Amino acid sequence: MDTDSDQRADRGIDVSVVVPAYNRRASLDRCLTSLLVQRVAKEIIVVDGGSRDGTRALLRLYAAHHPRLITVIRDAQPGTPGGARNRGLERAAGRYVFFCDAGDHLAPDALARLVAAADVNGADVVVGKVSGARRGLRDSADRASLAAAYDDLSCFKLFRRDFLARHAIHFDETQRRGADMTFTVHAYCHARVISVVADGDCYHAEGGGEASTRDPLGWLRVVRTPIEVMTRHVPPGALRDRLLLRHIRRDVLAQLGTPFLAACEAEREKIAVEVADICGQWVTPGVRAGLDGVDAARVAALDDPDRLVRLALVEAAPLRHRLNRVEWRDDRLVIEGCAALAGADAESDDAGASGAALTYAGPNGTALACAGASGAGPNSAGLNGAGPSGAGPSGAALTGAVGLVVRERMSREERVPFVTRGAAGSFTAVLDVAALSPGVWDVHVIVECEGARRLARLGSRRDPGAGVPSAHLVGGVVAVPFLTRSHGHLGLDVGGHVVRVPAVVRLSRAWWRGRRLRVEGQALMGEEDAAAAVRHLIWRERASGREHRERAVAVGPREFVAETAGLRPGTWDAYLELALGGPPVRFPVKVADADALGRPLRWWCGALRWGGAQWTVRPYATAVNRRLSVSVRVATPLTVVRRMVRLLRRH
């Protein structure tokens, strides 16, 4: 950086925003407007690389109206984006530098939030949440790990300016693409503190980024540079493997997907050679262990272009599925449906969902057929046994395996139920619910073909009338099948975490034993006895919210009893607490027969009757919901006199 920046640094500027602008007249107005409204001490440095679409005229207008805020640097000829950002970085005088593309814009309070995070945490780099097409981090963090921050390698972040100068971090002007990734990798590797601001969108990316326009061969050559920069700074070990895995999966092996199918045969061979060279250098045993099924299959097939095409076809083909029936058989949940990979020439979605095999015409006549093998047993292929059969040269048909996986939302634990496969992609899965730990389990259908694992949530498409059965107690734990409200996906709530448990508590009798109110009732979960799950009878005072707990005891399969004493004055509503495998849940005690309620109980408390107080405790059923409640009132001689005076005045 030049000395001019240091001489101007005493102007009290918090952020220097650098904006490369080449032929961006259509979007530049919105970008500059979003920068001008930022409530921080700022300067906006726009680098115009010889635009010919009216960008220069617009910049002259903005600079004339905001001479203290906007600086325009004009290059006679267009250069690389990295070169334009370097020109702006040389002129920057703020404590921090933020890079913004002319086609994007910022949220109104973005820079204020980013600067606040940098100042509080002493961060060298602050990552803001990115909306739009580009990927970004989703969880805020004062001190994010390098592994977590590494998922976002764009340069649209806040950087401490003296930190960049101290480590000589700048953009590679020889790279027309990928210079932002190399810059960010270099900054990440030197940063002492990286903060993340993800409590709201900061950066709005309008374009799809370089990934939408790059050619695979060119990108594979570009991505070598940030990998080499990272490996120069991070020693071999688990952290380096984690960072390498990000590059291998998202930057390298991704080129063997849709871009690979779009290439001609000669170019596909070059792509495979380039990927093989990178993988041979950087796929360590630790990286290989982190690859999923399709990526691991690609690494194993780098010397087989025909199989790489088939893997790409499997990944690109739509996965059609349909839920036919869900029912309980004893303590097991039986799920019936069908699934298949559907080709681009499928007549309709319903045709694909019904299990029609995929015939997907790929480059060079490669045909792919994937569906459940007719009559295949549960261990015939794929999920529970050997891989898909029938893999052959170009033009050969492949047969994939259809199965089911349930995944717990928080722990990401997976269980594979026993699956029987039928004709045309149909399947019957038997899920042992007793083996599932408490939690919310989402049901996914899977088609495995050529080592690729295609997965989708099951249930959004169903046969007419196909619903979910009622809740069921399995070993004292409630299991509630449900369909999500938004998309109708099938799930299973074990323990009653997010789905309302359909339990009912009915009062059988309430009567007095001395001054203790004895409550007898029944607890049912659907049509099943649930008294074994009762824990407490909870009285909640209606006005203050105070609670009074009494232990409840099961005296039969569905019968329970509890006794209560010591309620303070007020109106108390009764709830029965049940432990059904998840968090304790409470249900109101319903009164079906008013005759089951005991009479009010009155007693005097005090040394002398005329100097004490009269307590009145009256059980009753609420008028609307017929819930058991108790009214506790205390009357002294003075309150009795006042009550009589009010009655006399009223009459």
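Every value quoted in this text rests on a predicted model; they were computed, and no experiment measured them. Residues: numbered from 1 along the sequence shown.
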Quiz item: Can you list the steps and then say if R325 with D463 is a salt bridge (charged side-chain N to carboxylate O under 4.0 Å, His left out)?
Solution: CA-CA 8 Å; R325 186 170 61 172; D463 280 348; over 6 Å; no
Exercise. Using the side chain to side chain contact (heavy atoms under 4.5 Å, CB included) rule, take D139 and V196 through it: C-alpha gap first, then chi angles, then the decisive distance, then the call.
Key: CA-CA 7 Å; D139 298 320; V196 179; over 6 Å; no
Quiz prompt | Residue pair W615, L601: steps toward the side chain to side chain contact (heavy atoms under 4.5 Å, CB included) verdict | solution = CA-CA 8 Å; W615 287 67; L601 182 67; over 6 Å; no
Exercise. Would you check, one step at a time, whether the test side chain to side chain contact (heavy atoms under 4.5 Å, CB included) holds for E413 with S437?
Key: CA-CA 9 Å; E413 176 187 357; S437 57; 3.5 Å; yes
Practice problem: In sequence, state the C-alpha distance, the side-chain angles, and the governing distance for D241 and T284, and then conclude on side-chain hydrogen bond (donor to acceptor under 3.5 Å, both in side chains). | Solution: CA-CA 7 Å; D241 287 342; T284 64; 2.8 Å; yes
Quiz item: So L517 and L567, side chain to side chain contact (heavy atoms under 4.5 Å, CB included) or not? Walk me through it.
Solution: CA-CA 10 Å; L517 180 64; L567 295 180; over 6 Å; no
Quiz item: Should D442 and R457 be marked as a salt bridge (charged side-chain N to carboxylate O under 4.0 Å, His left out) after you check the CA-CA gap, both sets of side-chain angles, and the distance that decides it?
Solution: CA-CA 7 Å; D442 296 317; R457 292 287 300 275; 3.3 Å; yes
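In this structure, the separation between CG on L455 and CG on D292 is 11.0 Å, given to the nearest 0.5 Å. Here the CG-CG distance, from L597 to L628, works out to 6.5 Å after rounding to the nearest 0.5 Å. Put simply, CG on L524 and CG on D529 are 6.5 Å apart, with the number rounded to the nearest 0.5 Å. Atom CZ of F427 sits about 9.0 Å away from atom CD of E336, to the nearest 0.5 Å. Remark: D109 CG to C202 SG distance equals 7.0 Å, nearest 0.5 Å. Between the CH2 atom of W441 and the CD atom of E414 there is a distance of 9.0 Å, given to the nearest 0.5 Å.
Residue pairs that meet the salt bridge (charged side-chain N to carboxylate O under 4.0 Å, His left out) test with at least one member in residues 482-503, sequence neighbours left out, do not exist here.
Here the side chains of Y620 and V591 are not in contact, with every heavy-atom distance at 4.5 Å or above. Contact of the I335 side chain with the L458 side chain is registered, since non-hydrogen atoms from C-beta on lie closer than 4.5 Å.
Across P600 and R618, no two heavy atoms sit closer than the pair CG-CG, 3.7 Å. Between G200 and K129, the shortest heavy-atom contact is O-CB, 3.5 Å. V474 and V433 get closest at one heavy-atom pair: CG2-CG1, 4.2 Å. Residues L239 and A147 approach most closely at CD1-CB, 4.1 Å, considering heavy atoms. A pairwise comparison of heavy atoms in I194 and A149 identifies CG2-CB, 3.9 Å as the closest pair. Across every non-hydrogen atom of R542 and S629, the tightest pair is NH2-OG, 3.4 Å.
Side-chain atoms of R322 come within 3.5 Å of backbone atoms of R462 as a donor-acceptor pair (strictly under, hydrogens ignored). The closest donor-acceptor contact from the side chain of W512 to the backbone of R599 lies under 3.5 Å. Although no hydrogens or angles enter the test, the distance criterion places a donor-acceptor pair under 3.5 Å between the side chain of E528 and the main chain of L473. Put simply, the side chain of E408 gets close to the backbone of V440: a donor and an acceptor are under 3.5 Å apart. H536 places no side-chain N or O within donor-acceptor distance of the main-chain N or O of Y575, the cut-off being under 3.5 Å.
More than 12 heavy atoms of other residues, nucleotides or ligands sit less than 6.0 Å from atom CZ of R518. Around the CZ atom of R242, the shell of radius 6.0 Å holds more than 12 heavy atoms that belong to other residues, nucleotides or ligands. Within 6.0 Å of CZ in R516 there are more than 12 heavy atoms belonging to other residues, nucleotides or ligands. Heavy-atom contacts from other residues, nucleotides or ligands closer than 6.0 Å to CZ of R143 number 12 or fewer. A 6.0 Å sphere centred on CZ of R288 holds no more than 12 heavy atoms belonging to other residues, nucleotides or ligands. Surrounding CZ of R551 are at most 12 heavy atoms belonging to other residues, nucleotides or ligands under 6.0 Å away. For CG of D199, the number of neighbouring non-hydrogen atoms (other residues, nucleotides, ligands) closer than 6.0 Å is greater than 12.
For the ring-ring contact (aromatic ring centres under 6.0 Å, His included) test, residues two or more places apart in sequence or in another chain that qualify with W328 are H472. Not a single salt bridge (Lys or Arg N to Asp or Glu O under 4.0 Å) links R535 to another residue, sequence neighbours left out. Listed by chain and residue number, H487 satisfy the ring-ring contact (aromatic ring centres under 6.0 Å, His included) test with H489 (two or more places apart in sequence, or in another chain). Remark: R633 pairs with no residue by the salt bridge (Lys or Arg N to Asp or Glu O under 4.0 Å) rule, at least two apart or across chains. Looking at residues two or more places apart in sequence or on another chain, you find no side chain to side chain donor-acceptor pair (under 3.5 Å) involving D593.
When each of L436, V326, V406 is paired with L333, the side chain to side chain contact (heavy atoms under 4.5 Å, CB included) condition holds for V326 and for no other. Test R298, R453, R454 against E315 for salt bridge (Lys or Arg N to Asp or Glu O under 4.0 Å) and you get one pass: R298.
Under 4.0 Å is where a charged nitrogen must lie from a carboxylate oxygen, and between D151 and R246 no such pair does. Between D573 and R627, none of the side-chain N atoms (NZ, or NE/NH1/NH2) sits under 4.0 Å from a carboxylate O, so this pair counts as no salt bridge. Salt bridge annotation for R568-E541: absent, with no cationic side-chain nitrogen under 4.0 angstrom from a carboxylate oxygen.
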